[in-house]
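For reference, the structure is listed below as structure tokens.
Each chain gets a letter, A, B and so on, in the order the sequences are listed, and its residues count up from 1.
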Amino acid sequence: MNLFQIDKKDPDSKARAGYLYTDHGVIPTPVFMPVGTQGTVKAIEQRELVDYGAKIILGNTYHLYLRPGDKVVNHFDGLHKFINWKGAILTDSGGYQIFSLQDLRKLKEEGAEFKSHIDGSKHFFSPENVVDIQRNLGSDIIMVLDECTPYPAERKQARDSMELSLRWAKRSRVAFDKTDPLYGHRQFQFGIGQGSMYKDLRKEYLERMIEIDFDGNAMGGLSVGEPAEMMYELVDLSTDILPEDKPRYLMGVGTPENILTCIEMGVDMFDCVLPTRNARNGQIFTSRGKINIRNAQYKLSDELIDENVDSYAGKNFTLGYLRHLFIANEILGLQLASQQNIAFYLWLARTAREKIIDGCYSDWKKEILEKLSGGNN
RNA sequence: GGGUAGGUACCGAAGCGGUCAAACGGGGCAGACUGUAAAUCUGCUGGGCUACGCCCUACGGAGGUUCGAAUCCUUCCCUGCCCA
């Protein structure tokens, strides 16, 4: 069975509703995938994720390789069992860490040499061993090792970076084809488009990547500091090139507006740390806009956090109480905020899908964005 | 009553003649965060201005010394501790 199938296309845009068929469940798309870097979506327990409708979460190859180690995960028969998650898992490759841990790594043709951010020990990632590690992790979708090009990048730098990522992509596919899943369920491999902010490089990258024939195609190296409009142009261009019948994944994006806009451009999958990280930092995403829960204006608010979203946290606790938890530095504050934000993001993607199926996506998008910016934004 | 240590901004606490509207914490107020080195980071926190500079009010109260005092002297008030 193919990984992906389109269910319905939006009549007015490139948006599409589909399904990802993994051995850990069927995932309706567009989908938002909560980020669980170290085998946990920070501050949210697995059964809460299920309650809020999460069907697939992320893990990170770099972090899980360092701690607890992919051998340890293998000892537990894979990440699903280790973390007690029955849904699907996508693991990122460590490509983003090549970007975010620039001072701790050296790039070579063969791969990337890392100094562990935990203890300074040296490690080496290659396109091949990153496949091996992800075989050990047993994620349903594995990502190729790439270089997430820093922004801004000179054209030459972008070109060199992109050529390296392409060579790595080819090696990754070879390594993937030469190895087998370890735990009796299928694994799929996605390529990652680069090219920085240069349209022709993006286009060329994707065309050459399509030839490698990955199970899905991702767009990487975006939302790294560039203006949103620039990202939109590149996503728009990308989805014109990428094959219809394979899932399209925009990595690391983004704000609710980013996601809704890119869904309209035909993106199927998203992940982002914003809902969870910002939750821990006191920013709450609600159906009437985002709020900073620490602000004094919520001290006496007996308003519920968010009644309109399928969120236990949002429907049962007041803003005033949540503020108190943050001010008092109580753990429950982080939990409730994270739950609300994840519930909100999942609700957003789920509703987007419904609207695509109903054929009224663009109208709904316009309406909801107005509501979201109507609050305190 | 005697001795002793001290009274500094919302709180705690440095400073002990000029570079002090006063370090540093905390608290308070706001902002940032996009394939997680993040329960993190940043800014503001006496008042008023024709503000990248000036004026006013400020280191318990009142006097004094000095060109100049949070810093030295006198005295008063208050607090902690010890002895009666």
Side-chain angles (χ1 to χ4, degrees), chain A residues 32-44 56-64 66-67 90-105 114-120 130 139 141-149 151 165 190-194 216 218-228 231-232 235 249-259 261-262 267 269-285 290-299 323 325-338 341 345 376-377:
Chain A
F32 177 77
M33 307 180 285
V35 179
T37 305
Q38 307 206 66
T40 161
V41 177
K42 292 183 193 294
I44 304 186
I56 176 169
I57 61 173
L58 255 67
N60 184 279
T61 300
Y62 168 83
H63 289 279
L64 292 168
L66 283 183
R67 205 161 48 184
L90 179 152
T91 43
D92 188 26
S93 58
Y96 188 76
Q97 280 64 44
I98 290 178
F99 162 78
S100 67
L101 301 175
Q102 275 177 69
D103 302 337
L104 294 172
R105 56 73 172 162
F114 274 102
K115 266 197 205 166
S116 158
H117 69 283
I118 301 164
D119 62 6
V130 159
S139 42
I141 296 172
I142 78 179
M143 302 303 299
V144 298
L145 185 68
D146 65 332
E147 186 200 5
C148 179
T149 313
Y151 173 82
S165 284
F190 282 28
I192 305 174
Q194 293 291 340
M219 289 154 270
L222 293 172
S223 67
V224 287
E226 79 283 8
M231 176 180 81
Y232 292 150
V235 169
Y249 168 25
L250 179 56
M251 304 186 77
V253 174
T255 65
E257 180 173 4
N258 291 160
I259 289 174
T261 302
C262 294
V267 176
M269 304 163 68
F270 300 87
D271 78 279
C272 190
V273 303
L274 272 182
T276 42
R277 177 187 290 167
N278 289 20
R280 296 192 305 283
N281 294 337
Q283 186 173 82
I284 316 300
F285 291 95
K290 60 185 179 190
I291 61 178
N292 184 343
I293 196 62
R294 285 192 161 91
N295 287 178
Q297 61 175 302
Y298 303 112
K299 189 169 192 170
R323 176 176 193 272
L325 293 175
F326 266 87
I327 298 296
N329 209 13
E330 280 291 340
I331 295 168
L332 185 60
L334 309 181
Q335 296 175 316
L336 294 180
S338 300
N341 284 359
Y345 266 67
N376 297 288
N377 297 304

Could you tell me whether the side chain of Thr61(A) and the main chain of Gly94(A) form a donor-acceptor pair under 3.5 Å?
no
Taking the C1' atom of each, how far is rG46(B) from rU57(B), in whole Å?
8 Å
Please check if the side chain of Asn341(A) supplies one atom and the backbone of Gln283(A) the other of a donor-acceptor pair under 3.5 Å.
yes
Going by side chain to side chain contact (heavy atoms under 4.5 Å, CB included), name the residues that satisfy it together with Glu257(A), two or more places apart in sequence or in a different chain.
Tyr232(A), Thr255(A), Thr261(A), Leu369(A)
Side-chain donor or acceptor of Asp146(A) under 3.5 Å from a matching atom on the base of rG35(B)?
yes
OP1 or OP2 of rC29(B) less than 4.0 angstrom from a side-chain nitrogen or oxygen of Arg323(A), does that happen here?
yes
Using atom P of each nucleotide, how far apart are rA22(B) and rG27(B) to the nearest Å?
23 Å
Does atom CG (Asp119(A)) have a neighbourhood of more than 12 heavy atoms from anything else shown, all under 6.0 Å?
yes
Which pairs of donor and acceptor atoms, one on a side chain in residues 218-227 of chain A, lie under 3.5 Å apart (sequence neighbours left out)?
{"residue": "Ser223(A)", "atom": "OG", "partner": "Gly252(A)", "partner atom": "O", "Å": "3.4"}
{"residue": "Glu226(A)", "atom": "OE1", "partner": "Ser223(A)", "partner atom": "N", "Å": "3.3"}
{"residue": "Glu226(A)", "atom": "OE1", "partner": "Val224(A)", "partner atom": "N", "Å": "2.8"}
{"residue": "Glu226(A)", "atom": "OE2", "partner": "Ser223(A)", "partner atom": "N", "Å": "2.6"}

Side-chain N or O of Thr37(A) versus OP1/OP2 of rU36(B): is the shortest distance under 4.0 Å?
yes
Closer than 3.5 angstrom, by distance alone: can the side chain of Arg280(A) be matched with the main-chain N or O of Thr276(A) as a donor-acceptor pair?
yes
Mind checking the P distance from rA14(B) to rG6(B)? Whole angstroms is fine.
10 Å
RNA chain B: Gln38(A) or Leu58(A), which has the more 5' nearest nucleotide?
Leu58(A)
Quick one, which residues of residues 249-256 of chain A touch RNA chain B with a heavy atom under 4.0 Å?
Met251(A), Gly252(A), Val253(A), Gly254(A), Thr255(A)
How would you summarise protein contacts on nucleotides 41-47 of chain B per nucleotide, using B for base, S for sugar-phosphate only and - for none, with heavy-atom distances below 4.0 Å?
-------
Residue closer to the 5' end of RNA chain B, Ala296(A) versus Val273(A) (nearest nucleotide):
Ala296(A)
rC41(B) and rG53(B): how far apart are their P atoms, nearest whole angstrom?
32 Å
For Gln97(A) and rU36(B), is the shortest distance between a side-chain N/O and OP1 or OP2 below 4.0 Å?
yes
Determine whether any donor atom in the side chain of Arg277(A) lies under 3.5 Å from an acceptor atom in the base of rA38(B), or the reverse, and answer yes or no.
yes
Base, sugar-phosphate alone, or nothing: which one does Asn278(A) contact when heavy atoms must sit under 4.0 Å apart?
base
Please measure how far the P atom in rG28(B) lies from the corresponding atom in rG60(B), and state the result in whole Å.
27 Å
Take atom C1' in rA23(B) and the same atom in rG15(B), then report the distance between them in whole Å.
8 Å
Under the 3.5 Å Watson-Crick or G-U criterion, the dot-bracket string of RNA chain B, with | for inter-strand pairs
((((((((.[[[..)..(.....]]]((((((.......))))))((((...))))...[[[[[..)....]]]]]))))))).
With P as the reference atom in both, quote the distance from rA39(B) to rU45(B) in angstrom, rounded to an integer.
28 Å
Under-4.0 Å side-chain N/O to phosphate OP1/OP2 contact, Asn281(A) with rG31(B):
no
Once hydrogens and angles are ignored, does a donor-acceptor distance under 3.5 Å link the base of rU36(B) to the side chain of Thr276(A)?
yes
Base, sugar-phosphate or nothing for Asn258(A)? Non-hydrogen atoms, less than 4.0 Å.
base
Identify whether the glycosidic angle of rC56(B) places it syn (within 90° of 0) or anti.
anti
Between Asp92(A) and Tyr62(A), is any side-chain donor less than 3.5 angstrom from a side-chain acceptor?
no
Does Ile331(A) have any side chain to side chain contact (heavy atoms under 4.5 Å, CB included) partners at least two apart in sequence or in another chain, and if so, which?
Gln335(A)
Taking the same atom, P, in rG17(B) and in rA70(B), what whole-Å distance lies between them?
13 Å
